[in-house]
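Working notes for the structure below.
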Amino acid sequence: MSLGANSGTYLDQFPDEAKLIRATFYSSFAALFVGALMGLLQVLHRVDILRLIPSEDYYSYLTLHAVLLVLTFTIFFLVGVFTWGVTTSLDRGLEDLRYTWAWYGLMAGGSLLAGITIIGGFFDAIPLSAAVLYTFYAPLQAHPLFYVGLALFIVGSWFAGIDWFRSWWAWKRENPDERIPLPTFMALTTTLFWIISSLGVAISVVVFMIPWSLGLIDQVNALLTRTLFWFFGHAVVYFWLMPAYMLWYVMLPKISGGKLFSDPLARVVFVLFLILSTPTGIHHQYLDPGIAEGFKFIVMVNTMFLLLPSLLTAFTVVASMEHGARQRGGTGYFGWLRALPWRNPVFTGMALAGLMFAAAGFSGMINAGMNINYLVHNTWWVVGHFHLTVGTAVALTFMATTYWFLPQLTGKKIWNKSLGLAQVLLWFIGMTFMSNAMHRAGLAGIPRRTAEPQYSGFDFQPAAGSVAELNMQVVIGGTLLFISTLLFMLIVVMTVRGSKVDTLPANGYAETLSGPEDAPLVLDNLRLWAGIAIALVVLAYALPLASIIGRHGLFGPGGSPSPQFIDTVVFTGQAIFDSLVGVIR
Ligand code: HAS
Ligand code: CU
C-alpha cells in the first residue's frame, strides 16, 4: 500500500497542509539553531576553554539549550511529521484548517513566551528569569510566564493530537470496515500516551508551580512536583522517539529499496509504548529518598518490559533494510549491507541514527537497573545517554528525513545532497566523540549540570586516559556537532530559496511484506489499549502518590531525607516469605 503514489508531491496533494507543516518545521529549525549555539557555549565553558558567559548564568543557558532542543525543536518537528503521516495515509486533508492553525498558534506563542522568559535571565534590567532547567520541578522556581508558556505549548500539542483523531473519525465514518492505516495508527497511539502522561506535568504546573511562583502559596511539596514531572518525563522521551520510529518503519524500508517486514509487529510495538510509557517514570527517581524501594522495584520491572518494543523495532527495521538491500542485488550474510544506498543522506542519516540508538539502548538498560543507577545518576553519563537517544536517534533522523520532506513540502530540490551526506556523517562522528567521553566521564564520577566541574584537589581516575583527554573529546565532538547544525541550516535555507522543479518523486511510504490483514483486529481497539494504559498508570502511581501526599501534605514541606519503606510492600513480602518458609518446612 503506497498511498498517494503517482499523485505528485505532498505539496501537489495537500497545499494547505504543506504550508502548515512548513511552519512547524521552520519553527523547529529556528529552535535547533539557537539551542545548538547554546550547546557550543556550554561545552566550551564547562571544559574551561572559552568562557563567554558568567558561570552564574550557566543554568539559564542550559535551560535555553534544553527547552529549545528537547521541547521546541523535537515537538514542532514531530507534529509536522504526524500531520504528514495522517493526511498521507488517510488520503484526506485535515478537517478544519482554522483549528489547525489555532493549535500551531498556541504552540508558537507558548514557546516564545517560555523562551523570552529564559532569555530575560541574562539581563539584569529585565525582571524575568527561568534558570530552572527543562526538568522544571521545585525547589527551583521560574517566573510565572515560563510555566504559562509551557502550558500553552503543551495544550497546543494536545489539540494537534485531537486534530489527527478528528481526521481519523471522519475517515472511519466513510470507511467503517477498513483497518487504521499504519502511520495514522502510530500517530493516534502516540497521542493517547502523550495526553495521559502530560496530564501529570499539567497538574504540577497549574496547581502548584504557577500559584507558587505568583506567591499565592508559600511552598510546595517538592517531591510531589518532582514525581508529577517524571510521570510525564519518561513518556515524553517516547513522544520524541515515536515519530522517529514511524519514519524508520514507513520510510526507511522504502528508501532502502524494499518493503516493511511486518505491519502487525509495528502495531504491537506502538501498543506496547502506549501502555508502558507512563508507569515507568519513577526510574528517574531511584535516588529520591522519599519514595519506597518497593515502588521503585515495580517501576524497574515495567522499564525492563519496555525494552521489548525497541528490541522488536531493531529486528523489524533491520529485517526491512535487509529486504531492501537484497532487492537491490545485495547478497551474503553481511554483504547485503554494501548494497544499501549509503550515498543518500536520507538513508545514511537514519541508519546511523539507528546504529547509535542501539548503543543508547545499552546505556538505557544500565540506567534502568536500580542498583547500577546509583553509580551513574546525576553524572555526565546520563547526558551521554540522552545525546545518543534524543540527540541522535531522534535529532539525526529528523535532520536526515528533512532532506526527503523539504522537497515534498516546497516542490524544490535539495540544494546540495553531498553536503547533506557530509552533514549527517559529521553529526555521527561528533556524537561518537562527545557521547562516548561523557559516558566515561560519568563513570569517573564527573557530575552533570555544573558550570564548575574542575573540583581541583580531587584526583579523578578514569579507566583510560585522563580527564583532560575526556574534556578534549567532548569539545571536539561538540564543535563538530555545531558545524553539522550550521551545514544543516545552510542546506535548508538554500533549498527553500531555490526554484521549483517538476522532477520530484511522488509522496508515499513503504509497502509491507506482511500487511494489516495479518494483524489481529484487537490491535486496532484504541479504547481497550487506552483503558489498560490508564489502569497500569493507576497501579504504578496511586500508592506512591498517596504516600508522598500522606506524609508531607499537598503543599509541602517536601520529601524526607531518610529512605522510605512502604508498609503494604513490606507486609506482603513478609507474608510471602512466611508462607514459603512454611512450605519448605
Ligand atoms: Fe533514557 C534518562 C532509561 C530510552 C532520553 N533518558 C534519560 C534522560 C533523557 C532520556 C533525556 O532507567 C535524562 C533525564 C534527565 O534530565 O534527568 N531510556 C531508558 C531506557 C530506554 C531509554 C530503559 N531515553 C530513551 C529515549 C530517550 C531517552 C528513547 C529520548 C528520545 N533513561 C533511562 C533511565 C534514566 C534515563 C533509567 C534515568 C537516569 C538517571 O539516573 O537520571 C529504552 O527505551 C531504550 C531501549 C532501546 C533499545 C535499542 C534498540 C535498538 C534499535 C536500533 C535498531 C538499528 C537500526 C539501524 C534501525 C533496546 C531500535 C541498523 C543500522 C544498520 C547499518 C544495520
Ligand atoms: Cu526514562
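Numbering of ligands and ligand atoms starts at 1, following listing order.
Atoms CG and OG1, from Leu64 and Thr72 in turn, are 8.5 Å apart once rounded to the nearest 0.5 Å. The distance from atom OG1 of Thr379 to atom NE2 of His439, rounded to the nearest 0.5 Å, is 9.0 Å. Taking OH of Tyr137 as the reference point, atom CG of Leu223 lies at 11.0 Å (rounded to 0.5 Å). Atom OG1 of residue Thr485 and atom CZ of residue Phe73 lie 8.5 Å apart, to the nearest 0.5 angstrom. Here the CG-CZ distance, from Leu133 to Arg449, works out to 4.5 Å after rounding to the nearest 0.5 Å.
Side-chain contact annotation: Trp248 with Thr313, donor-acceptor N/O pair under 3.5 Å absent. Using modelled atom types, one finds no donor on one side chain facing an acceptor on the other under 3.5 Å when comparing Ser129 with His143. For the residue pair Trp164 and Thr83, a side-chain donor N or O sits within less than 3.5 Å of a side-chain acceptor on the partner. Side-chain atoms of Ser310 and Tyr245 form a donor-acceptor pair, as typed in the model, at a separation below 3.5 Å. Side-chain N/O atoms of Ser55 and Glu452 include a donor and acceptor closer than 3.5 Å. Of the N and O atoms on the side chains of His283 and His234, at least one donor lies less than 3.5 Å from an acceptor on the other residue.
Short contacts between ligand 1 and Val317, defined as distances under 4.0 Å to a heavy atom of the residue, involve ligand atoms 58 (C). In summary, the atoms of ligand 1 found under 4.0 Å from a heavy atom of Ala314, numbered by their order in the structure, are 51 (C), 52 (C), 54 (C), 60 (C). Here is the list of ligand 1 atoms found below 4.0 Å of a heavy atom in Tyr245: 60 (C). For ligand 1, the atoms sitting less than 4.0 Å from at least one non-hydrogen atom of Ala351 are 57 (C), 62 (C), numbered in the order shown with element in parentheses. The atoms of ligand 1 that sit less than 4.0 Å from any heavy atom of Leu241 are 29 (C). With ligand atoms numbered from 1 in the order given, ligand 1 contributes 30 (C), 31 (C) to contacts under 4.0 Å with heavy atoms of Trp240. Applying the 4.0 Å criterion to heavy atoms of Leu355 picks out, from ligand 1, the atoms 57 (C), 62 (C).
Less than 2.8 Å away from atom 1 (Fe) of ligand 1, the protein contributes these N/O/S atoms: His385 NE2.
In terms of polar-atom proximity, Met365 is not counted as a contact of ligand 1, lacking any N or O under 3.5 Å from an N or O of the ligand. At least one N or O atom of His377 sits closer than 3.5 Å to an N or O atom of ligand 1. Considering backbone and side-chain atoms together, Arg448 places an N or O closer than 3.5 Å to an N or O of ligand 1. The shortest N or O to N or O distance between Tyr238 and ligand 1 is below 3.5 Å.
Nearest protein heavy-atom contact of atom 61 (C) of ligand 1 is Val318 CG2, 3.8 Å. Scanning the protein heavy atoms around atom 47 (C) of ligand 1, the nearest turns out to be Gly361 CA, 3.4 Å. Protein heavy atom nearest atom 60 (C) of ligand 1, with residue, atom name and distance: Ser310 O, 3.5 Å. Atom 63 (C) of ligand 1 has its closest protein heavy atom at Met321 CE, 3.7 Å. Scanning the protein for heavy atoms near atom 12 (O) of ligand 1, the closest one is Ala368 CA, 3.0 Å. Distance from atom 53 (C) of ligand 1 to its nearest protein heavy atom, with residue and atom name: Gly354 O, 3.3 Å.
For the pair Thr280 (side chain) and Asn302 (backbone), a donor-acceptor distance under 3.5 Å is absent. Side chain of Ser547 to backbone of Leu543: no donor-acceptor contact under 3.5 angstrom is found. In this structure, Ser256 contributes its side chain and Leu252 its backbone to a donor-acceptor pair below 3.5 Å.
The proximity of Phe273 to ligand 1, defined as any non-hydrogen pair under 4.0 Å, does not occur for either the backbone or the side chain. At a heavy-atom distance under 4.0 Å, only side-chain atoms of Thr303, from C-beta outward, approach ligand 1. Contact annotation: for Val382 versus ligand 1, heavy atoms closer than 4.0 Å belong to the side chain alone.
Using a non-hydrogen distance threshold of 4.0 Å, Trp342 registers as a contact of ligand 1. Within the structure, the closest approach of Asn373 to ligand 1 falls below 4.0 Å when heavy atoms are considered. For the pair Trp381 and ligand 1, no heavy-atom separation below 4.0 Å is found. Residue Tyr134 places a heavy atom under 4.0 Å from ligand 1.
Of the candidates Leu306, Leu337, Val390, Thr313, the one placing a heavy atom closest to atom 65 (C) of ligand 1 is Leu337. By heavy-atom distance, the residue among Trp230, Phe357, Phe315 lying nearest atom 29 (C) of ligand 1 is Phe357. Nearest to atom 38 (C) of ligand 1 by heavy atom, out of Glu322, Arg449, His284, is His284.
Using a 4.5 Å heavy-atom threshold, the side chains of Trp380 and Pro447 count as separate. Counting heavy atoms from C-beta outward, Asn367 and Ile372 have side chains that stay 4.5 Å or more apart.
Taking the centre of each ring, Phe77 and Phe25 come in below the 6.0 Å mark.
A ring pair (Phe, Tyr, Trp, His ring centres under 6.0 Å) with Trp194 is found for one member of Trp240, Tyr238, Phe232, Phe273 and no other, namely Phe232.
Seen from the Cu ion (ligand 2), atom NE2 of His284 and atom NE2 of His283 lie 100° apart in angle, a value rounded to 10°.
More than 12 heavy atoms of other residues, nucleotides or ligands shown are found within 6.0 angstrom of CZ on Phe29.
Here the N, O or S atom of His234 that is nearest to the Cu ion (ligand 2) is ND1.
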Worksheet entry | Test side-chain hydrogen bond (donor to acceptor under 3.5 Å, both in side chains) applied to Trp336 and Thr331, step by step | CA-CA 5 Å; Trp336 57 268; Thr331 51; over 6 Å; no
